[in-house]
Amino acid sequence: MAASSAKRRHKVRRRADMSLLGGIRPPIAVLSALLLSLAGITALGFGRAGEESVPKAVMTSQQRFAEDGAVAMRASIDESAADLARTAGLFNAGDPAQPDAVVDKIGSVYQKWVGTAVVEISSGRMLAARGENVPVAAIDTSKLSEKDGLSPRMVRLANGETRLLSLQLLSWKGQPQQLLIASSSLRFPGISLGKFRSIAVIDSTGRILSSDGIPESEQVLTEDQRTGVERSKKQLSAFAKVAAKRAEEHPLKANDPGEGGYLGVSGSLRGDTFQGDRAVAGYAALTGPEPGKGTVATSLGLTVVAMVDVAEDPTRVTDPLFGLLAAGALLLIGALAVGVLLGTVQRPLLRLFLESRRLTRDDLTRPVSVPRFGEAARIGQALERLRRQLLGERDDAEGAGGPKSGRRGRIGARALLAVSGILLLVWSAPMLLLLNRADATAVVPEQITNDQRERTDTLSDRVRRSLNEGHADLVSVAGLLGERTSPEDMTKVLDRTRSDHSRYRSLYVRTGDGKIIAQSGESPRLPEDKKSENKDGHPFADPITVLNDSGTEPVIASYAELPGRDGSTVIGEFRIDFINSLLKRPGLGEIRVVDAERRVLGGNTGYLAFEKLPSARLTELAAGTSQKTGISARAGGIVYRDGGGVQVAGAAPFVGGGAAKSLNWMVVSWQPAAGLAIPEYSLQNRTVLAGLLGITAAAACLGWLHIIVVRPLREVAKQAEALADGDRRTVLYPRHHDEVGAISRSLELLRQQVLEQRKRDGAGATAPAAAVRAPAGRN
């Protein structure tokens, strides 16, 4: 029996000698490594928060501006191609039309083409032409039947300008086939450049096809201005070469993950300085509206480059002293916290581990070195009592030099962990909540405010043009619905128009007395049998209007009168989702379309129809921007500072002609400056991040220590006290193969030794009594 017990003790000792994979050392070591790493990151990272004299927010804004230009260019080219194709289809579906009538009709409805022409394909003879001379010689009519023979193509004129030619066939039974050609320039529709910006569209080789914003040398007055013009042209050409090369990259490689919002290749570039100004540019390749979906415009291989000069401010570079001081404070506080853990938790536990192993080797001569407080003190007291019991000494509170049996460490290991956590919180909490707050000191670069205003103005013009395009479509349809067109044929035309354009929820033909005779799409929201509202017999006063002033969704409708049908009109109701889709541009924050009464009609985020703008300041900005300065109102931008932080806002009214002019709508946008990569906010974000990392490191490592060490240690303390108090039946099992587990195994061995000693003492007491009784019985 004794040999078996010795064998078990030897086995347990071998397991105790194994390498400790867990235990108290790894959490403290990991905490030390994390704090050292965080101190290094703090010392090195804070100095870089504002080291660029041109803030990253300005660079990103130029990228977004170029993306806006690319979106506008792509939408314009695709819309022109679709309009020409639809118009040719409508002519082909009707009776043969004279070439002059075709080009006149196109010119009266659409003003987007600089020149139109009709050519007889078989002979090459020019049948009709309007506007600028169309370079017909650049088209090989013998290849029109080939694949992509009718695809748009770019032609360079003798004066160096580039024209985009769109082609469609005009075919009627019994007549020679004709080619309809529309020529357009590659200029940007409705892009607001401001005072100092230039923009260009380039081809795949980096050649500038069209540019705007840089005056010609003969248009400036002084020699310095001419020097600046020449420098701007050279810089734009240099940017164009780099942008064309980068446009060949894959979008996922060209754009930083998380920046989002644009499906194609885009980015920003830094140029040279001139008289204290740094040239910066954004570029964006034309891409489709959906991933993997190409369009007519994307097949041309065009890229947009937008350039602006930004004043550099070398004084904005962040002083690295704060990072060094914060890192030094973290090293000091971290060393103190780790020292508390090493001195009050790890070292006493390791000492107990060694003391318990000594007792299991029958080394009972020396008293147990008992720690001063906590669970370690309780276990040390229990080990000392067990040592005395194994020696056969009296186990009482006043034993020779022994500790008092009733002593309990009031400060436990959990309290020590809390002390270390509080020390680390002393550093992390101010970093997270107090230091480097930017709202009061942030300087928003003027270029950011300008870009917010100009991009909002561009977006406002895009919405206006889209509504005008919708009205022009209705005028084109109305012109083809003659007196003899049956309701069935009208429905076919309406179905074709609605399938070609996603902007309409409903199209219908309505007579002067309110009767609907043809319809496509959803049910009309204009009440039937409602008499015309104006003296001309039209269904509503303006060509485009909002039919309701309450409800969950505004009903926006447009009409065009059918010639020769006694007040009949074709009416199109726009999808509000179509208007909202135009507003989804990254980098502008929240965007709203409001009417003349400042009521919200659409937006890029959640909103309630016909509600007011969310703040009085935005309402004031909208009201002030709508005031005319000179001929028309102008877009405005402003920076707000209030209790809610710093905001950059812009507002732009509808400016320009067309049917949408009478709406008096405007687009309002705003975003918090905290979301921009401005040096002060970058410094604040890094400070908050450092505080979060400090709290995370402390919570993770101290939590790890509590789960792996402290909780099992408290349980072992209870078991050790119970064993010393006489509980010999409870078997002690280790939870983990670490220091606490080794102490549990040692206590189990001591329990077995105490049981063996009790058996030996019991056997020694019964043997002499039997020897005395035996002789007495024989006498």
Side-chain angles (χ1 to χ4, degrees), residues 8-35 334 337-361 363 368-384 386-387 409 411-421 424 697-724 727 730-753:
R8 287 198 302 271
R9 288 197 300 271
H10 178 67
K11 183 177 180 181
V12 174
R13 285 168 184 159
R14 284 175 56 195
R15 294 181 63 187
D17 291 336
M18 296 172 59
S19 299
L20 299 176
L21 301 178
I24 195 171
R25 293 184 180 93
I28 298 178
V30 171
L31 178 61
S32 302
L34 290 178
L35 293 180
V338 172
V340 169
L341 296 177
L342 291 175
T344 62
V345 180
Q346 176 175 305
R347 191 170 301 166
L349 183 59
L350 295 178
R351 187 183 302 122
L352 282 180
F353 165 65
L354 297 176
E355 291 288 335
S356 64
R357 290 187 63 184
R358 177 174 67 84
L359 297 183
T360 59
R361 296 190 182 102
D363 183 2
V368 174
S369 177
V370 181
R372 298 178 59 183
F373 42 75
E375 291 80 4
R378 294 165 57 188
I379 296 174
Q381 294 166 16
L383 288 175
E384 176 62 17
L386 290 173
R387 185 187 72 85
I411 301 178
R414 289 191 299 186
L416 298 173
L417 293 185
V419 170
S420 298
L424 296 177
C701 295
L702 296 181
W704 179 9
L705 197 60
H706 181 266
I707 294 172
I708 298 300
V709 177
V710 173
R711 287 174 60 183
L713 185 64
R714 291 171 59 85
E715 185 65 25
V716 170
K718 294 179 182 178
Q719 294 174 344
E721 289 176 338
L723 177 60
D727 181 4
T730 303
V731 179
L732 283 71
Y733 296 99
R735 291 189 180 183
H736 307 288
H737 296 294
D738 55 9
E739 296 89 352
V740 179
I743 294 173
S744 297
R745 289 191 291 270
S746 297
L747 288 172
E748 172 61 19
L749 293 175
L750 293 175
R751 184 185 72 84
Q752 296 174 13
Q753 291 180 17

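Residue numbers run from 1 in the order of the sequence given. Only heavy atoms go into these numbers, but all of them, side chains included; no hydrogens, no water, no symmetry mates.
With rounding to the nearest 0.5 angstrom, the CG atom of Leu350 is 8.5 Å from the CD1 atom of Ile743. From Arg745, atom CZ reaches atom OH of Tyr733 across 14.0 Å, with rounding to the nearest 0.5 Å. The NE2 atom of His706 sits 11.5 Å away from atom CG of Leu416, with the distance rounded to the nearest 0.5 Å. For the atom pair OG of Ser356 and CG of Leu750, the computed distance is 7.5 Å after rounding to the nearest 0.5 Å. Distance check, rounded to the nearest 0.5 Å: CD of Glu739 to CD1 of Ile708 gives 11.5 Å. Put simply, CD1 on Ile379 and CD on Glu384 are 14.5 Å apart, with the number rounded to the nearest 0.5 Å.
The shortest distance between side-chain heavy atoms of Arg711 and Arg414 does not fall below 4.5 Å. Under the 4.5 Å side-chain criterion, counting only non-hydrogen atoms from C-beta, Phe353 is not in contact with Val740.
For residues 337-355, the set of pairs meeting the side chain to side chain donor-acceptor pair (under 3.5 Å) definition, not counting sequence neighbours, comprises Glu355-Arg358.
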I would like to know whether Val340 and Val345 meet side chain to side chain contact (heavy atoms under 4.5 Å, CB included); could you show each step before the answer?
CA-CA 8 Å; Val340 169; Val345 180; over 6 Å; no

Let's go through Leu386 and Val368 carefully: what are the C-alpha distance in whole Å and the side-chain angles of both, what is the deciding distance for side chain to side chain contact (heavy atoms under 4.5 Å, CB included) to 0.1 Å, and is it a yes or a no?
CA-CA 10 Å; Leu386 290 173; Val368 174; over 6 Å; no

Take Leu747 and Leu383 through the side chain to side chain contact (heavy atoms under 4.5 Å, CB included) test and state the conclusion after the steps.
CA-CA 8 Å; Leu747 288 172; Leu383 288 175; 3.6 Å; yes

Please walk me through it: do Asp738 and Ile24 pass side chain to side chain contact (heavy atoms under 4.5 Å, CB included)?
CA-CA 8 Å; Asp738 55 9; Ile24 195 171; over 6 Å; no

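Of all the heavy atoms in Gly380 and Pro371, the pair that sits closest is CA-CD, 4.5 Å. The two atoms that bring Val731 and Arg751 nearest to each other are CG2-NH2, 3.6 Å, heavy atoms only. Between Leu359 and Asp363, the shortest heavy-atom distance links the atoms CD2-O, 3.7 Å. For Leu424 against Ala698, the heavy-atom pair with the smallest separation is CD1-CB, 3.4 Å. What you find for Ser744 and Leu732 is that their closest heavy atoms are O-CB, 3.9 Å.
Residue Cys701 is tested with Ile28, Leu31, Leu417 for a side-chain contact (heavy atoms from CB on, under 4.5 Å); the sole match is Leu31.
Although no hydrogens or angles enter the test, the distance criterion places no donor-acceptor pair under 3.5 Å between the side chain of Glu375 and the main chain of Ala717.
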